[in-house]
> 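Take this structure, written in structure tokens, and hold onto it; I'll ask about it next.
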Protein chains: 2
Amino acid sequence: MRDVTTARTPTRNRGNRRTEILAAAATLFAARGFHGVSIEDIGGAVGVSGPALYRHFSGKEALLAELLLDVSSRLRESAVAAVTSPGSPEDTLDALLNVQITFALEQPALITVHDRELGNVPEPARRQIRRLQRLYVEEWVTVLAELHPACPPPRLRAATHAMFGLLNSTPHSAGELRPEAMRPLLRAMARAAIASIATIG
Amino acid sequence: MRDVTTARTPTRNRGNRRTEILAAAATLFAARGFHGVSIEDIGGAVGVSGPALYRHFSGKEALLAELLLDVSSRLRESAVAAVTSPGSPEDTLDALLNVQITFALEQPALITVHDRELGNVPEPARRQIRRLQRLYVEEWVTVLAELHPACPPPRLRAATHAMFGLLNSTPHSAGELRPEAMRPLLRAMARAAIASIATIG
DNA sequence: GAGCGATGTTAGTCATCATTAACGTAATCG
DNA sequence: CGATTACGTTAATGATGACTAACATCGCTC
């Protein structure tokens, strides 16, 4: 009389604990910074204590690396999907906005860690994360370039970063507004901000 | 035959070293986070080594506290000046934008530390910094409320934070654009973003 | 039902680090 | 001059923290 519905892989709940740890670490890193969080803290947050983490990760830095690698590849994947789906440049921009806004609203901790802690990732992984981040930005720049052909790329890049700053402000205004109200606000502000870059220079 | 031109206070270069330390600490904290920087690092950055800092500050946390207290009071002071000077709400908004943009462009390290490290400031000072930050935000909200009377305050507050995010993106787009080009871009994007908040809801 | 792999536990170990102690030195001031 | 003050220096000291070792346990598979 065993429960067969939970389709267990060869090794039972394999991966749950791992995922749990990643989530807890993201929250803690976002709140106190990589060096402000101890292995003990992370373990404690998931109900195991300390060195248990080494059964799942080779070390603290590896944990961070996996976190950032995961975020940056998911972001890039979603961006590629948005860009390759058919539609006008305006449609594509809207799709990109949705990607970033959804991420910012649903995973504020990951977003925070993603743009603060790259410096603590050891070298092999760091390069790859940087590459993914760069590719993500370039998806945006490409679309913006279609909408504003007269705008030089450096300005487009700066504008893109400014927009990320705007959208990623969600951790700061946590609690001010419900997500359902935050989403249209961010979308409107970001759209307007982008539209404005044609009006200067 | 002494040099009298350098108007020395009772104690020679008093305060130079102190200021130098604060500046170095800001840069390091911005780059690696409070816990990622050692007292030795900060000392090294100004050419003295380690425990010399205790001649100027009571400890690492006190150093951070002074940094944040200084930033938040300067921001608030400038905001008050902008708000109390005569002019239309639009003029006042422009003045506020100039305050924040100038700060973001000229002191990116301080801006970065200012919105990341509050959690590491010990309690007496933390409350005061929070208070100053809140007051700063309220200056913005008050002006925005005049421009958008129909907009509920929580939305104004969220929009204000989003705009700070936009303007404070300068550390991320460092090098993309020269400050002379960055300033009008940020101003245009921020103005447009703010104008857009009336168009929803 | 013995062996094994996955997963934890607790008790080291070894660095790093904030902070303090003990001790110069040079300039200022009486 | 002689003392005090401002500033530094190099050794402790005491915590904390990442990581390792040695030792369970438990669910499976054979």
Side-chain angles (χ1 to χ4, degrees), chain A residues 1-25 28-29 31-67 117 119-122 125, chain B residues 1-4 6-25 28-29 31-67 117 119-123 125:
Chain A
M1 262 306 195
R2 285 291 188 69
D3 178 16
V4 201
T5 63
T6 51
R8 16 192 80 181
T9 37
T11 52
R12 304 150 315 160
N13 291 340
R14 204 33 163 80
N16 281 6
R17 188 43 69 80
R18 227 185 116 80
T19 313
E20 214 179 349
I21 292 172
L22 285 168
L28 288 169
F29 289 162
R32 314 212 290 260
F34 182 72
H35 294 292
V37 176
S38 74
I39 289 287
E40 217 13 73
D41 291 335
I42 303 174
V46 304
V48 304
S49 250
L53 301 200
Y54 290 87
R55 298 296 170 191
H56 303 275
F57 302 93
S58 71
K60 202 185 169 190
E61 288 182 334
L63 209 169
L64 179 66
E66 182 160 333
L67 225 39
E117 305 290 4
N120 291 310
V121 176
Chain B
M1 260 309 192
R2 287 290 189 70
D3 177 16
V4 202
T6 51
R8 14 191 84 181
T9 38
T11 52
R12 303 148 316 159
N13 291 341
R14 203 39 162 74
N16 282 4
R17 188 44 69 83
R18 225 184 118 82
T19 312
E20 212 179 350
I21 292 172
L22 285 168
L28 289 169
F29 289 161
R32 313 212 291 260
F34 182 71
H35 294 292
V37 176
S38 73
I39 289 287
E40 223 1 84
D41 292 334
I42 302 173
V46 304
V48 304
S49 254
L53 302 199
Y54 290 86
R55 299 294 169 190
H56 304 274
F57 302 92
S58 71
K60 203 184 168 191
E61 288 182 333
L63 208 169
L64 179 66
E66 183 160 333
L67 225 38
E117 306 291 4
N120 291 310
V121 176
E123 219 1 299

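Predicted model only: the values in this text are computed from it and were never measured. A note on names: the letters A, B, ... follow the listed sequences, proteins ahead of strands, and every chain is numbered from 1.
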> Could you give the distance from CD1 (B/I42) to CG (B/L28), rounded to the nearest 0.5 Å?
6.5 Å
> Quickly work out the A/L64 CG to D/dA18 C1' distance and round it to whole Å.
15 Å
> Taking all non-hydrogen atoms of both residues, which atom of B/H35 and which atom of B/K60 are closest, and how far apart?
CA-NZ, 4.1 Å
> Measure the spacing between CG of B/N120 and CZ of B/F34 and express it to the nearest 0.5 Å.
5.5 Å
> Rounded to the nearest Å, what distance is computed from the OH atom of residue B/Y54 to the P atom of nucleotide D/dA6?
20 Å
> Would you kindly give the CD1-to-P distance between B/I39 and C/dC17, to the nearest whole Å?
11 Å
> Identify, between A/F34 and B/P51, the residue whose nearest nucleotide on DNA chain D lies closer to the 5' end.
B/P51
> Just how far, in rounded Å, is C1' of C/dT7 from CD of A/E20?
13 Å
> Taking CZ from A/R55 and P from D/dC26, how many angstroms apart are they, rounded to a whole number?
16 Å
> What's the separation between atom NE2 in B/H56 and atom CG in B/L22, rounded to the nearest 0.5 Å?
10.5 Å
> Whole-Å distance between C/dA6 P and A/F57 CZ?
16 Å
> Figure out the CG/P separation between B/L28 and C/dC17, and round it to whole Å.
13 Å
> Give a yes/no answer on whether the side chain of B/H56 brings an N or O atom under 4.0 Å of OP1 or OP2 in D/dG8.
yes
> D/dC19, D/dA11, C/dT9: which one has an atom nearest the side-chain heavy atoms of A/V48?
C/dT9
> Give the minimum heavy-atom separation between B/D41 and B/R32, together with the two atoms involved.
OD2-NH2, 2.9 Å
> Roughly, in whole Å, what's the span from CZ in B/R17 to P in D/dT9?
8 Å
> Show, in sequence, the C-alpha distance, side-chain angles and deciding distance for A/R17 and A/V48, and conclude whether the side-chain contact (heavy atoms from CB on, under 4.5 Å) test is met.
CA-CA 10 Å; A/R17 188 43 69 80; A/V48 304; 2.7 Å; yes
> Estimate the overall bend of the helix from C/dG1-D/dC30 to C/dG30-D/dC1 from the end axes over five pairs each, rounded to 10 degrees.
10°
> Kindly point out which of D/dG17, C/dA18, C/dT9 is positioned nearest to the side chain of B/S38?
C/dA18
> Could you tell me whether A/G50 contacts a base, only the sugar-phosphate backbone, or nothing, with contacts defined as non-hydrogen atoms closer than 4.0 Å?
nothing
> Below 4.5 Å, heavy atoms only, C-beta onward: do A/R18 and A/E66 meet side chain to side chain?
yes
